Chemist: 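Got a structure for you, written out below as structure tokens; questions coming shortly.
Model, not experiment: these values are computed from the prediction.
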Amino acid sequence: MSTAETPKTTKTTDPTDTQVLVIGAGPTGLLLAGDLATAGVDVTLVERRPHGLANMTRAFGVHARTLEQLDARGLADELVATGTTLATARLFGRLDLDLTRLPSRFNHLLVTPQYEVERLLERRAVAAGVTFRYETRLRGLRQDADTVTAEFTDPDGAPLTLTARHLVGTDGVRSAVRTALGLPFPGGSVIRSLVLADVRLTEEPTDAFSVSGSGDTFAFLAPFGDGWYRVMGWSRTRQVPDTEPVDLDEVREIARRALGTDLGMHDPRWISRFHSDERQVPSYRVGRVFLAGDAAHVHSPAGGQGMNTGLQDAANLSWKLAAVLRGDAPAPDTLLDSYQSERHPVGAAVLRTSGALVRLAMAHTPLTRAARSLATRLLSTLRPASARAMGMISGLGIAYAPPAGSKRPAGRRAPDVHLREGRLHELLRAGEFVLITPEGELPALPPTAPVSPERLVRATWTDPTRRTAVLVRPDGYVHWTSN
Ligand SMILES: Cc1cc2nc3c(=O)[nH]c(=O)nc-3n(C[C@H](O)[C@H](O)[C@H](O)COP(=O)(O)OP(=O)(O)OC[C@H]3O[C@@H](n4cnc5c(N)ncnc54)[C@H](O)[C@@H]3O)c2cc1C
């Protein structure tokens, strides 16, 4: 168990062991636990791996909306410095999406290894006072009206029981939490025998970020910025189980067929074969227990959405749990249910997009090739179509339904506007709601707003002609506007 710094609050009256148990210290669990502890919630993060042993899930693309979420936690600039930023994403070998058009401070794709994201999130979680329990594996759980009781095996193999007010399963694709809840994980395999390697190259690629394929093969190449490249490839003629060994020759051969060159790949530091499923759990909430990240949804790596979606699940759930536990939510169940109503459709949309991307990349019948040509033409000639695709892939286009009694722009992402007190996304670093008003005005907030007036961060428009008050949620979406 790693040592934690002094928590902001300590429980004195609650008889449970901790207020929230988070199971799984991947990116989703680390962000969630860090947010909860920052909000003063007592949180225990349980992880089956020993501390320091790398998480084997391997994202490398961090999209604009995720960078905005990390900016709202003071981590984005440090993360950007660990990788390389790409201004263009290339699809199907010939369609370039110009990411500089994204309406964000982060108008690019950041390529950096997943462990860098986890390193920063873990440091933040430790500093915020999260209690970590490594080498501890969830075995089962039960819940009643007030508590969740979870059974673990501790680092010595002995049974351990912990109780909490809520439990969140961020324990990845084979989630023990999901199994303990008896939930199905419907779906199937979308692609088999993908090969993956981190390599050095003797030739510089002409494109920073390449995806290309013939329908019978495809390959994808992205730079980490430090001389290492991530390559991913697939060949219709070599479909074997994940257990089948893979060597650099196989990766080189696929690259030659898909990209026309293997760019002199050498010295792999990591090489693997895997398959990819498309699945989504029907319920993200069962009573006091929640699922987030890969535990709730998995899909192909096309579009680089998995880690990004998990981090945004966590950002959506953390403030809701904190509001309920702090007694700030007038309708706790409605607020907690909004996690399902907001995030389940996003997960479903990600499955559709990444599924479409991978199927179009594998297109080999005349019909599917025609569909790929049409998609390429539409995206390259119709600006609204490409803006929509970029909004989806970058996460900036995600919007939720306005809460009952509110109207648009409620539910939409709040852009990083400059205010008298600083940038909005900097003000969100307090982890609280931000109320933006004209100078000197304090509007009456809707009685249903899950926010305590003492915790609210107050801010003022720099433009004196702006007369509307806007209440922004801790996860950077508009909750309410005065007109
Ligand atoms: C090849 C590849 C490329 C990818 N590229 C991208 C990309 O570019 N961009 C992107 O956004 N995503 C990408 N992904 C997906 C991304 O890696 C995952 O979506 C992400 O890791 C999910 O994070 P998570 O925290 O939800 O789960 P995980 O990272 O799987 O973490 C779950 C944690 O729970 C722990 N755990 C499991 N069971 C238990 C238990 N019973 N008790 C205690 N602890 C437990 C595990 O040890 C693990 O640490 C890629 C995935 C692959 C395989």
Side-chain angles (χ1 to χ4, degrees), residues 35 38-39 63-80 85 87 98-108 110 312 315-316 319 323 328 342 383-384 386-388 390-392 394-483:
D35 279 8
T38 302
H63 289 292
R65 185 62 183 137
T66 308
L67 287 168
E68 290 187 343
Q69 291 289 1
L70 295 172
D71 190 25
R73 289 158 180 82
L75 302 174
D77 292 332
E78 195 177 344
L79 185 70
V80 170
T85 56
D98 175 8
L99 303 176
T100 62
R101 287 182 8 228
L102 290 173
S104 171
R105 193 173 162 238
F106 303 100
N107 54 350
H108 47 69
L110 173 68
Q312 285 167 62
N316 184 284
W319 69 268
D328 292 342
E342 292 187 341
R383 220 175 151 94
S386 71
R388 211 176 136 75
M390 286 201 299
M392 180 69 212
S394 66
L396 296 175
I398 292 168
Y400 306 127
S406 309
K407 54 185 185 321
R408 290 291 186 213
R412 288 202 203 287
R413 156 187 167 267
D416 190 16
V417 283
H418 283 270
L419 300 162
R420 287 262 174 83
E421 296 75 8
R423 289 193 292 119
L424 173 62
H425 291 181
E426 281 170 349
L427 299 182
L428 286 170
R429 290 178 190 171
E432 304 291 351
F433 277 79
V434 176
L435 177 63
I436 314 170
T437 61
E439 172 113 54
E441 288 186 24
L442 183 54
L445 295 179
T448 51
V451 56
S452 129
E454 308 88 70
R455 295 204 177 93
L456 207 54
V457 175
R458 295 282 318 269
T460 323
W461 299 115
T462 47
D463 175 358
T465 64
R466 292 198 73 160
R467 305 308 309 157
T468 309
V470 178
L471 182 63
V472 180
R473 305 179 348 181
D475 62 350
Y477 289 84
V478 176
H479 182 76
W480 167 86
T481 56
S482 60
N483 55 43

Chemist: Between Y477 and Y400, what is the ring plane arrangement, given parallel below 30°, perpendicular above 60°, and tilted in between?
Modeler: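 Rings of Y477 and Y400: tilted, as their planes differ by 30° to 60°.
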
Chemist: Kindly indicate, with the supporting measurements, whether the criterion side chain to side chain contact (heavy atoms under 4.5 Å, CB included) is fulfilled by W461 and T437.
Modeler: CA-CA 6 Å; W461 299 115; T437 61; 5.7 Å; no

Chemist: Which atoms form the tightest heavy-atom contact between D328 and S452, and what is the distance?
Modeler: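 Heavy-atom minimum between the residues: OD1-CB, 3.4 Å.
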
Chemist: For a 4.5 angstrom cut-off between non-hydrogen side-chain atoms, does T85 reach L110?
Modeler: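 Answer yes - side chains close enough.
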
Chemist: To the closest 0.5 Å, what do you measure between CH2 (W480) and NZ (K407)?
Modeler: 9.0 Å

Chemist: Starting at OG1 of T448, measure out to NE2 of H479 and round the result to the nearest 0.5 Å.
Modeler: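 Interatomic distance, T448 OG1 to H479 NE2, rounded to 0.5 Å: 5.0 Å.
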
Chemist: Do R413 and S104 come within less than 4.5 Å of each other through their side chains, counting heavy atoms only?
Modeler: yes

Chemist: Quick one: does W319's side chain have a donor or acceptor within less than 3.5 Å of a partner on A39's backbone?
Modeler: no

Chemist: So, taking the atom named CD in Q312 and the one named CD1 in I398, what distance separates them when rounded to the nearest 0.5 Å?
Modeler: 5.0 Å

Chemist: Working to the nearest 0.5 angstrom, can you tell me the gap between I436 CD1 and T481 OG1?
Modeler: 11.0 Å

Chemist: Quick check: does any side chain N or O of H425 sit under 3.5 Å from a backbone N or O of A414, one acting as donor and the other as acceptor?
Modeler: yes

Chemist: Minimum heavy-atom separation for N483 to T468, with atom names?
Modeler: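 Between these two residues, the closest heavy atoms are OD1-OG1, 3.2 Å.
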
Chemist: What's the spacing between R423 CZ and D71 CG if we round to 0.5 Å?
Modeler: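 Reported value, rounded in 0.5 Å steps: 4.5 Å.
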
Chemist: Are there more than 12 heavy atoms of other residues, nucleotides or ligands under 6.0 Å from atom CZ of R388?
Modeler: no

Chemist: Is E441 salt-bridged to R467, cutoff N-O under 4.0 Å?
Modeler: yes

Chemist: Take V457 and R429 through the test side chain to side chain contact (heavy atoms under 4.5 Å, CB included) and record every step on the way to the result.
Modeler: CA-CA 10 Å; V457 175; R429 290 178 190 171; over 6 Å; no

Chemist: Where is the tightest heavy-atom contact between T462 and R420, given as atom of each residue plus distance?
Modeler: CG2-N, 3.5 Å

Chemist: How long is the gap from CG on L442 to CG on L435, to the nearest 0.5 Å?
Modeler: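 The distance works out to 6.5 Å.
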
Chemist: For P409 and V478, which heavy atoms make the closest approach, and how far apart are they?
Modeler: O-CB, 3.5 Å

Chemist: Judged by atom type as modelled, is there a donor-acceptor pair below 3.5 Å linking the side chain of E439 to the main-chain atoms of T460?
Modeler: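 Pair absent, no side-chain N/O of E439 close to backbone of T460.
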
Chemist: Quick one: closest heavy-atom pair of L396 and P103, and the distance?
Modeler: CD1-CD, 3.9 Å

Chemist: State, to 0.1 Å, how close A469 and P443 come at their nearest heavy-atom pair, and which atoms those are.
Modeler: CB-CG, 3.5 Å

Chemist: Within a strict 4.5 Å, meaning less than it, do heavy atoms of the F106 and E68 side chains meet?
Modeler: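 SC-SC contact between F106 and E68 confirmed.
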
Chemist: Between R473 and E342, is there a salt bridge with N-O shorter than 4.0 Å?
Modeler: yes

Chemist: With a 4.5 Å cut-off on side-chain heavy atoms, are L471 and L456 touching?
Modeler: yes

